[in-house]
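Just so it is clear, the structure is predicted and the values come from calculations on it, not from any experiment.
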Amino acid sequence: MYTVGEIAKRFGISRSTLLYYDSKDLLKPSERSESNYRLYSDNDIAKMKRIALYREAGISLRLIAIILGKEHNDTIPILENRLFEINKEIQNLRTQQNVILEILKSEKAIRHSRIITKNQWVSLLKSAGLDESNMMQFHVEFERMSPEAHQDFLESLGMQKKEISLIRETSKITTATLGTVQKQNK
């Protein structure tokens, strides 16, 4: 059996956080000592590991309580929703980043940010020996393998929505055309 202090230290949380989890019926101690101190079992440790994992993923305590109260496959919609929220947060942050860089109009700021512009990306691909056809093939494969990540990548380059749509539609059409040609050649 483990004490509040041992659990708090093991998971890097405060004692008050653990007591709060108890008050919200999220993690109740399995037993009490003779002095009425909370004591936690190995099963409680396993439950706390799940709580810590979900907190690390940004899941609210309210939703963690729902997840812990249900079977494993009920977690999928909650996690998918959180993933959607994260994607929106990243998109909003990327937009803010591009706005700031546009305001600054500073090469130094661009070099010290974690973004690459469309012009830098195209220049990099060309210096690696890719021509327009190879670059289009890159987009075709990216769109085929992971359409949402392709969208995210194009947005990260600071491209306008119309240009992104054009690249993605061209990629889809090229993929469909290649698929039709391959079927005819069989």
Side-chain angles (χ1 to χ4, degrees), residues 11-13 46 49-64 66-68 70-186:
F11 288 94
I13 59 174
K49 283 181 183 177
R50 290 182 64 204
I51 293 168
L53 180 66
Y54 292 131
R55 290 299 294 148
E56 191 175 347
I59 305 294
S60 70
L61 292 179
R62 181 184 65 79
L63 291 176
I64 291 172
I66 291 169
I67 290 170
L68 295 177
K70 296 187 175 216
E71 292 301 314
H72 179 69
N73 21 346
D74 289 339
T75 64
I76 293 172
I78 292 171
L79 294 174
E80 286 175 340
N81 187 54
R82 178 64 186 137
L83 194 56
F84 176 77
E85 290 170 354
I86 290 169
N87 287 338
K88 291 297 284 178
E89 290 170 24
I90 290 169
Q91 183 180 18
N92 290 337
L93 289 171
R94 190 169 285 124
T95 299
Q96 292 172 21
Q97 187 181 42
N98 283 319
V99 168
I100 290 169
L101 289 171
E102 181 62 30
I103 293 168
L104 291 174
K105 294 188 187 290
S106 163
E107 284 299 317
K108 181 181 177 186
I110 291 172
R111 279 194 309 276
H112 293 312
S113 69
R114 292 184 175 216
I115 67 164
I116 186 167
T117 66
K118 175 189 166 190
N119 291 339
Q120 289 170 322
W121 180 250
V122 170
S123 178
L124 179 66
L125 292 178
K126 285 182 179 177
S127 67
L130 275 69
D131 61 15
E132 292 295 324
S133 175
N134 297 130
M135 286 187 237
M136 190 62 226
Q137 187 59 37
F138 165 82
H139 288 293
V140 167
E141 289 302 315
F142 204 159
E143 185 68 29
R144 185 183 63 75
M145 290 177 69
S146 185
E148 292 302 314
H150 189 212
Q151 173 78 24
D152 190 52
F153 171 74
L154 295 172
E155 288 173 357
S156 78
L157 297 176
M159 296 173 70
Q160 298 299 313
K161 290 182 181 187
K162 285 183 180 180
E163 187 175 11
I164 291 171
S165 293
L166 179 63
I167 289 170
R168 292 192 67 203
E169 286 304 313
T170 304
S171 299
K172 290 173 190 172
I173 291 167
T174 303
T175 299
T177 303
L178 288 174
T180 302
V181 170
Q182 288 173 347
K183 285 181 184 176
Q184 290 174 348
N185 288 338
K186 286 186 176 183

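- Here the closest heavy-atom approach between residue Leu101 and residue Ser113 is recorded as CD1-OG, 3.9 Å.
- Of the inter-residue distances, the one linking Leu130 atom CG with Phe138 atom CZ reads 9.0 Å to the nearest 0.5 angstrom.
- Taking the side chain to side chain contact (heavy atoms under 4.5 Å, CB included) definition, one finds that Ser60 meets it with Arg62, Leu63, sequence neighbours left out.
- Qualifying salt bridge (charged side-chain N to carboxylate O under 4.0 Å, His left out) partners for Lys118, counting only residues two or more places apart in sequence or in other chains: Glu163.
- Partners of Ile100 by side chain to side chain contact (heavy atoms under 4.5 Å, CB included), not counting sequence neighbours, listed by chain and number: Leu104.
- Applying the ring pair (Phe, Tyr, Trp, His ring centres under 6.0 Å) rule to His150 yields the partners His139, Phe142; only residues at least two apart in sequence or on another chain are considered.
- With sequence neighbours left out, Arg144 forms a salt bridge (charged side-chain N to carboxylate O under 4.0 Å, His left out) with Glu141.
- Few gaps surround CD on Glu85; more than 12 heavy atoms of other groups in view lie less than 6.0 Å from it.
- In this view, Glu89 and Arg82 satisfy the side-chain hydrogen bond (donor to acceptor under 3.5 Å, both in side chains) rule, not counting sequence neighbours.
- Here the straight-line distance linking atom CD of Gln160 with atom OG of Ser165 works out to 11.0 Å at 0.5 Å rounding.
- The stretch residues 122-137 participates, sequence neighbours left out, in no salt bridge (Lys or Arg N to Asp or Glu O under 4.0 Å) pair at all.
- Looking at Ser123, its side chain never comes within 3.5 Å of a backbone N or O of Asn119 through a donor-acceptor pair.
- The salt bridge (charged side-chain N to carboxylate O under 4.0 Å, His left out) check on Lys105 picks up Glu102, with sequence neighbours excluded.
- For Asn87, there are no side-chain hydrogen bond (donor to acceptor under 3.5 Å, both in side chains) partners at least two apart in sequence or on another chain.
- Distance OG1/Thr174 to CD/Glu169: 10.5 Å, rounded to 0.5 Å.
- The two residues Ala57 and Ile86 come nearest to each other via the heavy atoms O-CD1, 4.2 Å.
- For Thr117, the side-chain hydrogen bond (donor to acceptor under 3.5 Å, both in side chains) partners two or more places apart in sequence, or in a different chain, are Gln120.
- Side-chain contact between Leu83 and Glu80: absent, with no pair of heavy atoms (C-beta onward) separated by less than 4.5 Å.
- Contact annotation: the side chain of Ile59 never approaches that of Leu53 to less than 4.5 Å [non-hydrogen atoms, C-beta and beyond].
- Residues passing the side-chain hydrogen bond (donor to acceptor under 3.5 Å, both in side chains) test with Asn134: none are found, sequence neighbours excluded.
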Could you go through the side chain to side chain contact (heavy atoms under 4.5 Å, CB included) check for Thr75 and Tyr54 one step at a time?
CA-CA 10 Å; Thr75 64; Tyr54 292 131; 3.8 Å; yes

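- Listed for the Arg168 side chain is a donor-acceptor partner under 3.5 Å among the backbone atoms of Pro147.
- Listed by first and then second residue, the salt bridge (Lys or Arg N to Asp or Glu O under 4.0 Å) pairs involving residues 146-159 are Arg94-Asp152 (not counting sequence neighbours).
- Expressed to the nearest 0.5 Å, how far CD of Gln91 lies from OG of Ser156 amounts to 11.5 Å.
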List the steps, then state whether side chain to side chain contact (heavy atoms under 4.5 Å, CB included) holds for Ile67 with Arg50.
CA-CA 10 Å; Ile67 290 170; Arg50 290 182 64 204; 3.9 Å; yes

